[in-house]
Participant: 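First, the structure itself, so that you have it in front of you.
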There are 4 protein chains.
Amino acid sequence: MVDKPAPDATRRSEKSRRAIYAAALALVGEVGYPKTTVEGIAARAGVGKQTIYRWWSSKADVLLEAFLDLSRQAAREAGQEPYAVPDTGDLAADLRTVLRITVDQLLDPRFEVPSRALAAEGLVNEQLGREFVTTLLEPQLQLYVARLRSAQDAGHVRHDVDPRIALELFVSPLAQRWLQRTGPITYAYTDTLVDYALHGIAPR
Amino acid sequence: MVDKPAPDATRRSEKSRRAIYAAALALVGEVGYPKTTVEGIAARAGVGKQTIYRWWSSKADVLLEAFLDLSRQAAREAGQEPYAVPDTGDLAADLRTVLRITVDQLLDPRFEVPSRALAAEGLVNEQLGREFVTTLLEPQLQLYVARLRSAQDAGHVRHDVDPRIALELFVSPLAQRWLQRTGPITYAYTDTLVDYALHGIAPR
Amino acid sequence: MVDKPAPDATRRSEKSRRAIYAAALALVGEVGYPKTTVEGIAARAGVGKQTIYRWWSSKADVLLEAFLDLSRQAAREAGQEPYAVPDTGDLAADLRTVLRITVDQLLDPRFEVPSRALAAEGLVNEQLGREFVTTLLEPQLQLYVARLRSAQDAGHVRHDVDPRIALELFVSPLAQRWLQRTGPITYAYTDTLVDYALHGIAPR
Amino acid sequence: MVDKPAPDATRRSEKSRRAIYAAALALVGEVGYPKTTVEGIAARAGVGKQTIYRWWSSKADVLLEAFLDLSRQAAREAGQEPYAVPDTGDLAADLRTVLRITVDQLLDPRFEVPSRALAAEGLVNEQLGREFVTTLLEPQLQLYVARLRSAQDAGHVRHDVDPRIALELFVSPLAQRWLQRTGPITYAYTDTLVDYALHGIAPR
DNA sequence: AGTTAATCGAGACGGTACGTCGAGTCTTCCA
DNA sequence: TGGAAGACTCGACGTACCGTCTCGATTAACT
C-alpha cells in the first residue's frame, strides 16, 4: 500500500518484511506511537533504514500495513468467517453479541495501542485516514449493513431506514467512548445502545 | 492549564500570551498540526522559545489553551447563552436545530483544523485527551443532558432512558463522520439521526 | 573599572559588592571559569542580575575586579611592603628569593584558577588583556626594573642592558611554564633561570 | 584527535572535513574566537551540526585540528625542512635569524587569531592545552634543543647548561609579549634577547 | 523626620547557541 | 541488485545564559 514507485517487488525479502511488522507493533505497544521511530523499527528489526523507506512512505504507513497483517492473521486464526455479524433471526440479540465481542477487542491491549495510534494519525493525515477507513473500518461496517438489510427483509427493521446510517446509532457511540475516552465501555452500555437504537428513546 | 510549577503568574506578559495564541492558531491553520512547531510559534509571535516553555509543556498544550481561548471568545461574541440547546417544547425540532448549528461549526475551517488536531493528539496523549474532553467536550454534552431531562419531565422521552447515553445516539455518529471522515455531513443526515434516535429503527 | 556611565556610586551597596566578589571567586574556583555564569554569581551572591550589570560590563570584568580586590587584601595582610623585590646587595640571591615566592604563589590554588582564567580571557579579549597587564602584571614587573637599576648602579649589571627586557629572561620562562604547562615549576628551575640570565649560556 | 568513540572513520566524508576546517579558520579570522560557533561553522561549511559533533567534541577541538592541518600544509608548501633552526656554526646569528622568522609568523594575521585562540582555550581547558603543547609547541622547541646541543658540541655553549631551559631565555619572552601583549615585538627586541641570553646581563 | 529618588532582589522577557534526536537521502560493501 | 549499515544534510527539540526590562521594597541623601 502506498508503495514507492520503482523497486522490484519480486526480489523483496519476506524475512525483512515480517521483522519490520513485528518490530513496529512491538515498539508501538512498548513505548507508544509518538516515541516509535523509523530508526527504532529498523534497529529492532535488524534492517537498514533504507529497506523501510524503499517499501513504505512513513512510519504511519508501516504501522497500517503491520496492523492489517495482524488483523488478517487474527482472522485466519479465529476461523473461516471473520467477524461476520451472526444472523439468528433475533436482531437485538445478534447485535448485542457482536458488540460484546467488539468491546472485548477494544479492551485487548494487543489491539488497542496500534489501532488507537492509527486512528489518531488518520485524523490529521487525510490520506492515511482514508486508507484506514477504507481498508479496515468500512469493511467491518458493511457487515452491519448486511445484517440490517436481512432484518429489513424479515420485517424487523423499517423499510425506509438507511442501514448505513442506522448502524452508526450503536457503533459510533462505542467508537467515540473508546477513542476519546468520554465514558466507560461495558456490556451493559452496548446492550443499552442496542435497545435505544432499535426502539428509540421516545415513548412508544 | 497543565502549567509548569514555578513561575510567577502575576508578572506574566499578557501581550505575549495573546501573540502566542494567535500565532499557534494561525500556523495550525496554515501548515497543519504536524508542521506547526514550537519554534515556529515563537518566531511568529515574536517571542522567545523559553516564554512558551515557561508557561506550557508542549505544543499540544499551547494549542489546547489557544483553542479554549478562541472558544470562549467566540461564545462571548455570540451572546450571553453560549451553545445552549433551545427548548421550544418540540424536542425533535430543537435537536435538529442545534445539530444543524453544529454541522456549520464543524465545517467552519476556522475551527476545523485546530479542533481536529487537538482531538487527534488527545487520542494518543491520554492526559491531553482527558483535558480536552473535560474542558471542551463534556460541558457541551451536558447541555444535551439538560434538554433531554426537560423532555423527560414533559413526557417526550421515556423515564427509564439515561440521557447521557441517549445523547450519543445522535452526537457520536456526527462526531465520528467528522473525525474519521466515514461519511458526508449534511443537514439531511443529522435530521435523519434525530428521527432514528427518537423513534428507533424497529417498526413501531 | 570599565564602569557603565550613569549610576550613582555613592548609593552603591557595599554588601552586594563584597558578596559578588566572593561569589565570583568561589564559583571560578569550584566549577572553573567557563561554567561560571553571571546568573550563577548573582544567585550565589543573593543579588539581582541587574546589580551586576549596573556596575560591571561582563563576567570577565567582575572577575578582574574581584581578583584585584583579593590581591589587595592579600597584600594588606602580608605586610606593608607588597611584593617589593628585596635588595640585599646580592642580586642573584635576591632574584632567587623573589622567584621562589612567586613559585609558591603560582602553585597556590587560591590564586591559580582565577588568575589563569583572567590571563586566558585576556589573550582573546584585548581590552581586558590590556587592563590585566596594566593593573596587575606591569606593576609587578616594574619592581624588577627598579631592582635591576639598583644593580646597575652597583655595577652588578651592565649599563647598556635594558632592565625591562632583562627581567623577561627569568620572568617570562616561569610565566610560560605556568600558563601553558610546558614544564615543571620548581625552585631548582627558577634558580637555574637566574643563573643563566645573569651570566649567559655561552662560555665566559 | 580527541574523537568520539563509535563512528566508522573509513566512511568519513573527506569533503566535509576540509569544508569544516576552512569554515572554522575563516570564521575565527573574521569574527574572532568567542563569536565563532559550532552552528556557524556548520552553516558556513554546508554541513549538518551532527557531522561536527560526530567527529569532534567541541569548537576548540575543531579549531585545534584545523590549525594543525593548516600548519602541516604550510610546512609542506614551505619545503622539506619545516622550521629547522639553521646551523651555520654561528649560534647567535642562527638564533637571530630564526627568531626574526618567528616574529614574522606571529604578526601574520593568518596565524595570529587562531593560534592565540587556541592558546587561550588551552590555558583554561587543560586537556586541550596539553594537546596543543604536545602537538604544536614542543616539537618546535625541540628544534632549538637540537641546535643548542650542536653548539655545545662546538664549544659555543657551556656543557653544564640544560638546553631545554636555555631556550626559554629567548623563546618565552617573545611568547609572553605576543600572548599577553606586554610589549612590542620587533627584530631589535629578539636580537637583544639573543644577546642577553648568550652572554648574560652581568658584566663579563 | 519625612520625602524622594535611586538602588536593590527578583525574575520574566526576546534572543542565540547549545548538544541531541530523528527524518529522509545517499553511499559503500556484502551476499 | 536488494539489503545491512551507517554517514550525511536538515530541522526541531528542550535547556542554559545572555543582557534588557519591569516590578515592588528598601534605603540613603536631601529637604
Side-chain angles (χ1 to χ4, degrees), chain A residues 4 6-13 15-17 19 34-43 45-59, chain B residues 6-13 15-16 19 34-43 45-55 57-59, chain C residues 6-13 15-16 19 35-43 45-55 57-59, chain D residues 6-13 15-16 34-40 42-43 45-55 57-59:
Chain A
K4 285 281 183 64
D8 177 355
T10 67
R11 308 198 44 179
R12 183 167 181 183
S13 161
K15 206 176 67 177
S16 295
R17 218 196 67 227
K35 290 200 168 179
T36 297
T37 66
V38 172
E39 219 145 56
I41 295 171
V47 139
K49 274 205 285 180
Q50 197 54 42
T51 301
I52 296 187
Y53 284 110
R54 206 185 331 267
W55 302 108
W56 294 277
S57 65
S58 67
K59 135 173 108 157
Chain B
D8 178 352
T10 68
R11 309 192 45 187
R12 184 168 181 181
S13 161
K15 207 175 66 174
S16 295
K35 291 199 169 179
T36 297
T37 65
V38 174
E39 218 148 57
I41 295 171
V47 139
K49 270 202 286 181
Q50 200 56 51
T51 299
I52 296 187
Y53 285 111
R54 195 170 3 250
W55 303 108
S57 63
S58 66
K59 125 177 117 157
Chain C
D8 178 355
T10 66
R11 310 199 44 177
R12 183 168 181 182
S13 161
K15 206 175 67 175
S16 295
K35 291 200 168 178
T36 298
T37 65
V38 173
E39 220 146 55
I41 295 171
V47 139
K49 275 203 286 180
Q50 195 62 266
T51 302
I52 295 186
Y53 284 109
R54 200 176 350 254
W55 302 108
S57 64
S58 66
K59 132 175 111 157
Chain D
D8 178 352
T10 68
R11 310 193 43 186
R12 185 167 179 183
S13 161
K15 206 175 68 174
S16 294
K35 291 201 168 177
T36 297
T37 65
V38 173
E39 218 147 56
V47 139
K49 269 202 286 182
Q50 200 56 51
T51 299
I52 296 187
Y53 285 111
R54 191 166 10 245
W55 303 109
S57 63
S58 67
K59 126 177 117 158

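Note on naming: letters A, B, ... go to the chains in the order of the sequence lines (proteins, then strands), and numbering restarts at 1 for each one.
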Participant: Enter the distance from I52(C):CD1 to Q50(C):CD here, rounded to the nearest 0.5 Å.
Facilitator: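 Those atoms lie 10.0 Å apart.
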Participant: Taking all non-hydrogen atoms of both residues into account, name the closest pair between A19(A) and A45(A) and its distance.
Facilitator: O-CB, 3.6 Å
Participant: What dot-bracket string describes DNA chain E from 5' to 3', counting Watson-Crick and G-U wobble pairs whose defining distances are under 3.5 Å, with [ ] for crossing pairs and | for pairs to another strand?
Facilitator: |||||||||||||||||||||||||||||||
Participant: From C-beta outward on Y53(C), which listed nucleotide comes closest to its side chain: dA4(F), dC18(E), dG19(F)?
Facilitator: dG19(F)
Participant: NA contact type, G46(D), heavy-atom cut-off 4.0 Å: base, sugar-phosphate, or nothing?
Facilitator: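 Sugar-phosphate contact only.
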Participant: Please confirm whether the shortest side-chain N or O distance from T51(C) to OP1 or OP2 of dG9(E) is below 4.0 Å.
Facilitator: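 True: T51(C) side-chain N/O within range (under 4.0 Å) of dG9(E) OP1/OP2.
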Participant: Any idea which of dG3(F), dG14(E), dC8(E) is nearest the S13(C) side chain?
Facilitator: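 The nucleotide sitting nearest to the side chain is dC8(E).
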Participant: Rounded to whole Å, please give me the gap between NZ in K15(C) and C1' in dG9(E).
Facilitator: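 In whole Å, dG9(E) C1' lies 11 Å from K15(C) NZ.
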Participant: Select from V47(D) and T36(C) the residue whose nearest nucleotide in DNA chain F is closer to the 5' end of that strand.
Facilitator: V47(D)
Participant: For nucleotides 25-31 of chain F, give me one character per nucleotide, 5' to 3': B if any protein heavy atom sits under 4.0 Å from the base, S if the only such contacts are to the sugar-phosphate, - if neither.
Facilitator: --BBS--
Participant: Taking only the side-chain heavy atoms of Q50(A) (C-beta and beyond), determine which of dA16(F), dT25(E), dA6(E) contains the nearest atom.
Facilitator: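 Within the option list, the nearest is dT25(E).
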Participant: Of the nucleotides dC8(E), dG19(E), dG14(E), which has the atom closest to the S16(B) side chain?
Facilitator: dG14(E)
Participant: Check side chain to side chain contact (heavy atoms under 4.5 Å, CB included) between T51(B) and all other residues, then give those that pass, not counting sequence neighbours.
Facilitator: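 By the side chain to side chain contact (heavy atoms under 4.5 Å, CB included) rule, T51(B) matches S16(B), I20(B), V47(B), R54(B), W55(B).
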Participant: Please assess W56(A) against V38(A) for the test side chain to side chain contact (heavy atoms under 4.5 Å, CB included), listing each intermediate value before the final yes or no.
Facilitator: CA-CA 11 Å; W56(A) 294 277; V38(A) 172; over 6 Å; no
Participant: Go nucleotide by nucleotide along DNA chain E from the 5' end; which of A9(B) and K35(A) gets its closest nucleotide reached first?
Facilitator: A9(B)
Participant: Figure out the CD1/P separation between I52(C) and dC18(F), and round it to whole Å.
Facilitator: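 Computing the I52(C):CD1 to dC18(F):P distance gives 9 Å.
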Participant: Could you pick out which residue, K49(B) or E39(A), lies toward the 5' side of DNA chain E when each is mapped onto its nearest nucleotide?
Facilitator: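 Closest to the 5' end, via its nearest nucleotide, is K49(B).
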Participant: Taking only side-chain nitrogens and oxygens of W55(D), does any of them come within less than 4.0 Å of OP1 or OP2 of dC8(F)?
Facilitator: yes
Participant: What is the separation between atom CZ on R12(A) and atom C1' on dT1(F), rounded to the nearest whole Å?
Facilitator: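 Whole-Å distance recorded here is 16 Å.
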Participant: Would you classify T37(B) as touching base, sugar-phosphate or nothing, given that sugar-phosphate means primed atoms plus P, OP1 and OP2, and contacts are heavy atoms under 4.0 Å?
Facilitator: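 Sugar-phosphate, backbone atoms only, no base.
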Participant: Nearest whole angstrom, please: distance from the C1' of dC10(F) to the CZ of R54(D).
Facilitator: 12 Å
Participant: Under the side chain to side chain donor-acceptor pair (under 3.5 Å) rule, collect the residues that match up with K49(A), sequence neighbours excluded.
Facilitator: E39(A)
Participant: Would you mind telling me which residue lines up with the more 5' stretch of DNA chain F, K59(B) or A45(D), judged by nearest nucleotide?
Facilitator: A45(D)
